[in-house]
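See structure below.
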Amino acid sequence: MAKTMAVNAGSSSLKFQLLEMPAEQVIAQGVIERIGMDDAIVTIKYGSEIEVERLVGNSEDDEHITFAKNGKGKKYENVLAIKDHQQAINFMLQKLTDLGIIQDFNEITGVGHRVVAGGEWFNHSVVVTDSVLEKIDRLADYAPLHNPANAMGIRAFQKLLPDALSVAVFDTSFHQSMPEENFLYSLPYEYYTRYGARKYGAHGTSHRYVASRAAEMLGKDLKSLKLITLHLGAGASITAIKDGKSLDTSMGFSPLAGVTMATRSGDVDPSLVYYIQEREGLSNDEMLNILNKKSGLLGLSTISSDMRDLLDVQDTNDHARLAVKIFINRIIKYIGQYIAEMGGVDAIVFTAGIGENSIPVRQAIVDKLNYFDVALDTEANKVRGKEIEISTKESRVKALLIPTNEELMIARDVESLK
């Protein structure tokens with residue numbers, strides 16, 4: 001069977017998952033963090049059971065392998081200097097060979113790359129060509145923290161695996177089905193035609209995956225359902241899905257818009273941004289940095305961007321409690337808007353880091369939707385990272401917990417283009 005690699009390249013990181021296709025079996029997964037530093041961290045999980053949560057074994061120097069108690073799964077870890085993405089990918093592929101995960105680079109016949117911004121050029125995944133790469137580069141202004149790194153990862157893999165099919169999978173492509181009244185801002189129309197000023201959304205691969213799984217769990221055709229999918233992590237977005245397509249989504253021209261996030265502000269009156277800039281004497285770049293990296297849960301709580309930290313102290317810390325309340329409040333507002341837009345809803349889906357793992361956040365959200373005939377099964381909700389219905393059997397509107405699997409969607413897109 002062929003092997004396909006799903007890749008998510010960040011500015012200083014590289015996440016990957018290697019799958020046997022078309023069986024969709026995960027062979028290995030890992031991440032290289034702190035690329036460009038002398039103490040880059042490499043982690044690779046592999047073996048017949050990938051989840052290596054409880055480990056036994058001793059560390060020796062910076063490089064070591066630990067084993068799961070059941071003797072099946074393994075985890076390789078190393079700390080070393082990695083100067084750039086090219087070296088990171090070279091090291092990772094060589095280590096997959098050294099560990100016996102693959103015998104030869106040529107076993108990898110396809111590589112799918114997550115790309116954040118595809119603009120209006122891409123409404124589906126595409127085989128990477130010189131023209132596609134040039135467009136990804138030109139779209140860097142739409143996602144300056146992501147697209148340059150994504151393009152860097154594509155070029156590095158192409159150099160090392162020239163015979164593997166290279167596919168770009170865009171976060172924004174799923175949202176290209178939005179109608180004009182939902183993606184256009186109330187600005188002079190010429191800004192749209194000149195500069196592409198419109199809503200593009202993000203997390204499309206995740207929303208697409210969980211919507212598909214929701215339909216399977218409910219035993220219904222996706223095109224017959226009205227779904228609201230909540231991708232709640234450090235980055236958070238909410239999408240209304242009708243007839244199997246994205247009807248509306250919370251993120252905007254960039255991933256900064258929408259609900260409150262870990263360090264991103266979400267929706268803010270532009271006049272307020274200008275007002276603060278003027279009084280603080282901030283440049284545009286400095287203001288954007290505040291909105292992207294110093295706002296959200298971190299800015300409101302003054303202590304942490306991590307929801308777990310805030311929930312731990314919310315009973316005694318007013319700022320933490322307020323940050324959690326605002327996070328929930330913004331999500332509820334978008335859910336209400338999307339229910340109105342679709343004329344109802346059949347199911348609400350929780351996914352991503354907070355959505356999959358935060359029992360109290362899911363409870364707080366569902367409890368505020370009781371008026372819409374959805375009730376939480378408190379026992380079913382006491383899980384983390386497990387695909388399950390968390391609403392009561394009597395609920396007309398279902399609440400579902402579905403762990404996202406963007407890597408699988410990327411691998412599937414690669415297979416569909418072979």
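Count residues from 1 along the sequence.
Partners of K368 according to the side-chain contact (heavy atoms from CB on, under 4.5 Å) rule, which considers only residues two or more places apart in sequence or in another chain, are I328, I332. For the side-chain contact (heavy atoms from CB on, under 4.5 Å) test, residues two or more places apart in sequence or in another chain that qualify with R384 are N357, I359. For K199, the side-chain contact (heavy atoms from CB on, under 4.5 Å) test picks out M178, F183, Y185, D248, T249, with sequence neighbours left out.
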* **Pair M37-I82, side chain to side chain contact (heavy atoms under 4.5 Å, CB included): steps then yes or no** => CA-CA 6 Å; M37 308 289 284; I82 295 181; over 6 Å; no
* To do: Show the numbers, then the answer: is there a ring-ring contact (aromatic ring centres under 6.0 Å, His included) between F253 and Y142?
  => CA-CA 7 Å; F253 175 77; Y142 291 22; 4.9 Å; yes
* Check step by step if side chain to side chain contact (heavy atoms under 4.5 Å, CB included) holds for L18 and I102. => CA-CA 10 Å; L18 184 66; I102 58 174; 3.8 Å; yes
* With side chain to side chain contact (heavy atoms under 4.5 Å, CB included) as the test, would you mind laying out the steps for I276 and M287 before giving the verdict? => CA-CA 9 Å; I276 293 171; M287 191 69 231; 4.3 Å; yes
* Could you go through the salt bridge (charged side-chain N to carboxylate O under 4.0 Å, His left out) check for D137 and R155 one step at a time? => CA-CA 12 Å; D137 288 335; R155 290 187 171 96; 2.6 Å; yes
* Asked: Should I365 and L232 be marked as a side chain to side chain contact (heavy atoms under 4.5 Å, CB included) after you check the CA-CA gap, both sets of side-chain angles, and the distance that decides it?
  -> CA-CA 12 Å; I365 292 171; L232 306 179; 4.0 Å; yes
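Within the 4.5 Å cutoff, side-chain heavy atoms of I35 are placed close to those of H85. You'll find the side chain of R213 reaches within 4.5 Å of the side chain of E387, heavy atoms only. The shortest side-chain heavy-atom distance between D315 and R321 does not fall under the 4.5 Å cut-off. With a 4.5 Å cut-off on side-chain heavy atoms, I290 and S295 count as touching. With contacts defined as side-chain heavy-atom distances shorter than 4.5 Å, the pair L310/N317 does not qualify. For the pair V397/L369, no side-chain contact is recorded, criterion being any heavy-atom separation below 4.5 Å from C-beta on. A heavy-atom distance below 4.5 Å is not found between the side chains of L400 and F350. Here the side chains of K45 and K74 are not in contact, with every heavy-atom distance at 4.5 Å or above.
Nearest approach of A234 to M261, heavy atoms of both residues: O-CB, 3.3 Å. Of all the heavy atoms in A117 and A143, the pair that sits closest is CB-CB, 3.8 Å. Counting all heavy atoms, side chain and backbone alike, G110 lies closest to A164 at N-CB, 4.1 Å. Here the closest heavy-atom approach between residue V374 and residue N370 is recorded as O-OD1, 2.9 Å. When all heavy atoms of K245 and S177 are compared, the closest pair comes out as CB-OG, 3.5 Å. Counting all heavy atoms, side chain and backbone alike, G343 lies closest to K226 at O-NZ, 3.2 Å.
Here the two rings, on Y200 and H175, have centers that are 6.0 Å apart or farther.
Ion pair D171/R114 flagged as a salt bridge, since at least one NZ, NE, NH1 or NH2 atom sits closer than 4.0 Å to an Asp/Glu carboxylate oxygen. Between K3 and D104 there is no salt bridge, since no side-chain nitrogen of the basic residue lies less than 4.0 Å from a carboxylate oxygen of the acidic one. Here E415 does not pair with R412 in a salt bridge; the nearest charged N to carboxylate O distance is not below 4.0 Å. With respect to the salt-bridge test (charged N to carboxylate O, under 4.0 angstrom), the residues D306 and R308 qualify. Electrostatic pairing of R198 and E180 does not count as a salt bridge here, judged by no charged N lying under 4.0 Å from a carboxylate O.
Ring planes of F170 and F122: parallel class, angle under 30° (limits at 30 and 60°). Using bins of under 30°, 30° to 60° and over 60° for the plane-to-plane angle, the ring pair H207/H203 lands in the tilted bin.
There is no side-chain donor-acceptor pair under 3.5 Å between Q363 and T378. A donor-acceptor contact under 3.5 angstrom links the side chains of D98 and Q94, judged on distance only. In the model, E406 has no side-chain atom that pairs as donor or acceptor with a side-chain atom of T404 under 3.5 Å. Under the 3.5 Å distance criterion, with hydrogens and angles disregarded, a donor-acceptor pair is assigned to the side chains of T392 and S395. No side-chain donor-acceptor contact under 3.5 Å links H319 and T302. Looking only at atom types and distance, the side chain of Q103 has no donor-acceptor partner in the side chain of E107 under 3.5 Å away. Checking Y334 against D267 by side-chain atom types alone, a donor-acceptor pair falls below 3.5 Å. Counted by atom type alone, H231 and T351 present zero donor-acceptor pairs between their side chains at under 3.5 Å.
Rounded to the nearest 0.5 angstrom, K15 NZ and T43 OG1 are separated by 11.5 Å. The line from NZ of K242 to CG of L222 is 13.5 Å long, rounded to the nearest 0.5 Å. We find the CG-OH distance between N182 and Y338 to be 7.5 Å, quoted to the nearest 0.5 Å. Between atom NZ of residue K325 and atom CG of residue L300 there is a gap of 12.5 Å, rounded to the nearest 0.5 Å. Here the CD atom belonging to E389 is positioned 10.5 Å from the CD1 atom belonging to I402, to the nearest 0.5 angstrom. Atom CG of L298 sits about 12.0 Å away from atom OG of S265, to the nearest 0.5 Å.
Between the side chain of T260 and the backbone N or O of F327 there is no donor-acceptor pair closer than 3.5 Å. Side-chain N or O atoms of N150 include one that pairs as donor or acceptor with a backbone N or O of A9 at under 3.5 Å. Without hydrogens or angle criteria, T172 side chain to G118 main chain gives a donor-acceptor distance under 3.5 Å. A donor-acceptor contact shorter than 3.5 Å is absent between the side chain of Q17 and the backbone of Q29. A distance-only check finds no donor-acceptor pair linking the side chain of K398 to the backbone of A214 [under 3.5 Å]. Of the possible polar contacts, one joining the N147 side chain to the I136 backbone as a donor-acceptor pair under 3.5 Å is found. The backbone N or O of V26 lies less than 3.5 Å from no partner atom in the side chain of E407, so there is not a single donor-acceptor pair. Looking only at distances, a side-chain donor or acceptor of S301 sits under 3.5 Å from a matching main-chain atom of I303.
With I348 as the partner, the side-chain contact (heavy atoms from CB on, under 4.5 Å) test is satisfied by one option alone out of L227, T229, L230: L230. Exactly one of V414, V115, I410, V167 qualifies for a side-chain contact (heavy atoms from CB on, under 4.5 Å) with S125. That residue is V167.
In the displayed structure, K159 atom NZ is contacted under 6.0 Å by at most 12 heavy atoms of other residues, nucleotides or ligands.
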